[in-house]
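The next block holds one structure in the form of structure tokens; read it before the comments.
Here is the naming used below: chain letters follow the sequence lines, and residue numbers restart at 1 for every chain.
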2 protein chains.
Amino acid sequence: MTVPPLKLEEFLPFRLSLASNLVSRRIAETYEAEFGLSTTQWRVMAVLGEYPGMTATELTQKTALDKVAVSRAASALVNRGLIQKRTRPDDNRRAALSLTEAGERVYAEVIPRARKMEADLLKALPRETLDALDKALSELTEAAEA
Amino acid sequence: MTVPPLKLEEFLPFRLSLASNLVSRRIAETYEAEFGLSTTQWRVMAVLGEYPGMTATELTQKTALDKVAVSRAASALVNRGLIQKRTRPDDNRRAALSLTEAGERVYAEVIPRARKMEADLLKALPRETLDALDKALSELTEAAEA
DNA sequence: CGCCTTTGGTTTCATCTGCAACCGGTTGAA
DNA sequence: TTCAACCGGTTGCAGATGAAACCAAAGGCG
């Protein structure tokens with residue numbers, strides 16, 4: 001009772017993972033070497049640029065990282081002076097995180113590069129394919145969630 | 001001179017990574033707990049089911065894993081008796097890997113479950129969206145390679 | 001109030017990953 | 001032949017990752 005073999009190269013989860021890893025690596029090239037940021041640190045900074053004052057727990061949701069990763073990325077960024085942490089007066093457990101001046105400068109360098117790399121990677125795709133990709137990712141994410 | 005903030009939740013590389021991670025996790029549920037396989041081990045088995053007798057180096061390409069990962073996955077699978085390794089007479093450095101009987105049995109259990117999970121995850125997507133997704137992943141992979 | 005539970009965040013530990021060094025076999029040029 | 005360069009595969013080590021234990025502050029209920 002044999003099973004028809006699986007063609008891994010056509011198996012969508014594999015293809016998705018492959019594309020995602022390659023794309024992530026290209027994006028990482030825009031910040032790793034030059035700015036010494038890890039992917040998780042980059043994500044934290046990216047979100048703080050959009051939402052200053054977020055707490056670690058809130059970052060967890062926005063970045064899709066677990067709280068350990070956020071905690072470590074944040075403390076590394078604080079040590080490097082790229083973000084600051086202010087304990088909230090209304091709740092001493094929470095701390096509002098935000099970019100420092102130095103962090104803002106790095107942000108202003110790093111974000112445009114990421115955008116540009118994204119555009120380069122996507123430029124071969126016609127608009128409709130892109131729309132469909134977007135839709136497919138939304139549906140897949142929803143279907144695969146919890 | 002501020003930069004318009006990046007909306008991470010609309011940034012395609014992030015969305016891609018998110019979808020990929022969630023999907024991979026769901027697929028992993030079909031083999032991790034029940035069969036004690038890691039993702040890399042599963043990939044190695046999946047490819048050997050399709051191409052018996054491959055060498056580790058060849059597996060490297062098919063699985064998109066680096067040679068260290070393949071080496072370790074293979075030795076774990078050999079220890080568990082799921083694959084066998086036969087040194088090739090024409091070159092004593094290489095070894096042809098293939099599923100054992102026990103490995104075939106696991107393969108026959110594991111592959112249909114992965115297929116079913118894939119189908120479940122994709123069932124909300126209309127055919128054209130799926131085609132576009134497929135095309136987009138191919139183009140993205142190519143654009144991001146090397 | 002005082003106590004128990006919950007919550008935000010950190011630390012610990014065990015595992016995974018990936019690069020680089022390494023080992024033995026093979027190849028090819030002198 | 002012989003020896004150096006190369007190749008397939010393994011191992012060692014350092015950094016990344018995640019689950020679970022942990023700590024301190026806050027909330028809720030008697």
*I would like to know whether A:S98 and A:L48 meet side chain to side chain contact (heavy atoms under 4.5 Å, CB included); could you show each step before the answer?*
CA-CA 6 Å; A:S98 50; A:L48 289 181; 5.7 Å; no
*Go through DNA chain D in 5' to 3' direction and return only the first and the last nucleotide with some atom under 4.0 Å of chain B's heavy atoms.*
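Range of nucleotides touched by chain B: D:dC7 to D:dG12.
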*List in chain and number order the residues that pass salt bridge (Lys or Arg N to Asp or Glu O under 4.0 Å) with A:D66, two or more places apart in sequence or in another chain; answer none if no residue qualifies.*
none
I'd like to know if [X] and [Y] make a salt bridge, using a cut-off of under 4.0 Å between side-chain N and carboxylate O.
| X | Y | answer |
| --- | --- | --- |
| A:R113 | A:E109 | yes |
| A:R115 | A:E118 | no |
| B:K62 | B:E58 | no |
| A:K116 | A:D120 | yes |
| A:D91 | A:R88 | no |

*Give the angle between the helix axes at the two ends of the helix from C:dC1-D:dG30 to C:dA30-D:dT1, taking five base pairs at each end and rounding to 10°.*
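Axis angle across the helix from C:dC1-D:dG30 to C:dA30-D:dT1, nearest 10°: 0°.
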*asked:* Looking at every non-hydrogen atom in both residues, tell me the closest pair between B:L137 and B:T141 and how far apart they are.
replied: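 Nearest heavy atoms, B:L137 then B:T141: O-OG1, 2.7 Å.
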*Starting at OG of B:S71, measure out to CG of B:L65 and round the result to the nearest 0.5 Å.*
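Rounded to the nearest 0.5 Å, the OG-CG separation comes to 12.0 Å.
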*Can you measure from CD (A:Q41) to OG (A:S75) and round to the nearest 0.5 angstrom?*
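The OG atom of A:S75 is 8.5 Å from CD of A:Q41, to the nearest 0.5 Å.
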*Mind calculating the distance between CG (B:D91) and P (C:dT27) to the nearest angstrom?*
6 Å
*Heavy-atom distance under 4.5 Å between the side chains of B:Y107 and A:L6, does that happen here?*
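The answer is yes; the side chains approach within 4.5 Å.
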*Would you check if B:V44 and B:L59 make a side-chain contact, meaning some heavy-atom pair closer than 4.5 Å?*
yes
*asked:* Using side chain to side chain contact (heavy atoms under 4.5 Å, CB included), reason through B:L12 and A:V23 one step at a time and then give a plain yes or no.
replied: CA-CA 9 Å; B:L12 199 116; A:V23 166; 5.9 Å; no
*Heavy atom of residues 57-65 of chain B under 4.0 Å from DNA chain C: which residues?*
none
*Sugar-phosphate only, base, or nothing, as touched by A:T55 at under 4.0 Å among non-hydrogen atoms*: sugar-phosphate
_So A:A74, base contact, sugar-phosphate only, or nothing? Heavy-atom distance under 4.0 Å._
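Nothing, no heavy atom under 4.0 Å.
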Distances under 3.5 Å between protein N/O atoms and the N/O atoms of nucleotides 4-7 of chain C, please, pair by pair.
from  : atom 1 : to    : atom 2 : distance (Å)
C:dT7 : O2     : A:R93 : NH1    : 2.6

*Encode nucleotides 13-20 of chain C as B, S and - characters from 5' to 3', where the letter depends on protein heavy atoms closer than 4.0 Å: B to the base, S only to sugar-phosphate, - to neither.*
----BBBB
*Aromatic rings A:F11 and B:W42: how do their planes relate, parallel, tilted or perpendicular, breaks at 30° and 60°?*
tilted
*Matching residue for A:M45 among A:T40, A:V106, A:L97 - test: side-chain contact (heavy atoms from CB on, under 4.5 Å)*: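 Exactly one option meets the side-chain contact (heavy atoms from CB on, under 4.5 Å) with A:M45, and it is A:V106.
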